[in-house]
Amino acid sequence: MSEAFTLQVNGEERTCSPHTSLPTFLEQLGLNPRLVAVEYNGEILHRQFWEETEIKAGDRLEIVTIVGGG
Amino acid sequence: MDTPQSSHSKSISSSHLSSPNGELNVQPLTPTELERYRRQIMLPGFGEESQQQLKDATVLVTGVGGLGATAALYLAVAGVGRLILLRGGELRLDDMNRQILMTHDWVGKPRVFKARATLEAINPDVKIDAICEYVTAENVDSLVQSADVVLDCAHNFTERDLLNAACVRWGKPMVEAAMNDMEAYLTTIVPGLTPCLSCIFPEKPNWDKRGFGVLGAVSGTLACLTALEAIKLITGLGTPLLSQLLTMNLSHAEFAKHHPYHDPECPVCGEKTRRMAGTKQDCPA
């Protein structure tokens, strides 16, 4: 099995195992994929492509979690 | 390309902000108003024309708490002609760290009536309707129809979803502002033109409306930015957050802008988006 690599999540370094899909990675971060918006390497990533997107070394993810307070 | 510039806000002013029901309600600025607003009329790109647009506008504020009431305060002092304040329930003592229109002796009484009294004392030229209700399926359509711009400052997703859907139905711009602890986000939704709340977040979590901590300075920061979005929409000043999601982490004073996904298949706004894209080639995808 190949080694874990690092990527940036909201400006902080995180590690990830190879062949991890975006929704799986979000779950590993303790997030519910349906309750976040994700900017992937500076681009909007359409939800329909999330499942087929594998996290790679050096990726930059900006994750916004839904909140509802006022 | 995906971020409409100020020219859009001018067109929003003309196409979305006419008086409800086509009613002409132009009352010229009085000498008192011209003096009260002198310092903002001086702003480049503002002037008496923008001040008149504010006076002619009606803004619906839902959720008159730390966020909504503070936003309403800045809309009142800016000279928005009519504010509709909507919030059920009574003032609690633990609201008093952030609900700056309230006073200690009002605890236990309906917030919206105190909010109206405070705002009327600060600016007697603003007409204020205070409605002691939450957003419901029964009241949302008539409320949204009676406003030019809507501020979504509710403290729960039931009200937020109802309001988002009604704004899409009636084509009303909605400023979406929400917070949790030291974090907040803000975006301005123009139905069909920008992502709606359901495009950005298709599902909503279980949410405890009193389950998070809040400092008044945090809800107040978000509130000022929320009021500013409404002022920009009404007057065309600057560039509103159209198709942009501004996030704030106020623990670290970090601000970022993101480009949310506009879902062409969105069950709430998809049909309107497709209709508008059919008539307008430069509509953002």
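Proteins get letters first, then strands, A, B, ... in listed order; numbering begins at 1 in each.
At most 12 heavy atoms of other shown residues, nucleotides or ligands fall within 6.0 angstrom of atom NZ in Lys257(B). Within 6.0 Å of atom CD in Glu271(B), 12 or fewer heavy atoms from other residues, nucleotides or ligands are found, so the atom counts as exposed in its surroundings. For Gln48(A), the CD atom is densely surrounded, since the number of other residues' heavy atoms within 6.0 Å is greater than 12. No more than 12 heavy-atom neighbours from other residues, nucleotides or ligands sit within 6.0 angstrom of OH on Tyr74(B).
Minimum heavy-atom separation, Arg47(A) to Cys199(B): NE-O, 4.5 Å. In this structure, Pro205(B) and Leu35(A) approach most closely via the heavy-atom pair CB-CD1, 3.5 Å.
Inter-residue side-chain proximity for Trp207(B) and Val67(A) is flagged as met; some heavy-atom pair is nearer than 4.5 Å. When side chains are defined from C-beta on, Phe157(B) counts as touching Ile66(A), because their heavy atoms get closer than 4.5 Å.
Rounded to the nearest 0.5 angstrom, Glu39(A) CD and Leu245(B) CG are separated by 9.5 Å.
In terms of non-hydrogen atom pairs under 4.5 Å with chain A, the most contact-rich of Arg160(B), Arg210(B), Glu159(B), Glu183(B) is Arg160(B).
In this structure, no portion of Leu197(B) lies under 4.5 Å from any heavy atom of chain A. Within the 4.5 angstrom heavy-atom criterion, only backbone atoms of Val36(A) (N, CA, C, O) approach chain B. In this structure, chain A has a heavy atom under 4.5 Å from the backbone of Pro260(B), while its side chain stays farther away. Neither the backbone nor the side chain of Ser219(B) has a heavy atom closer than 4.5 Å to any heavy atom of chain A.
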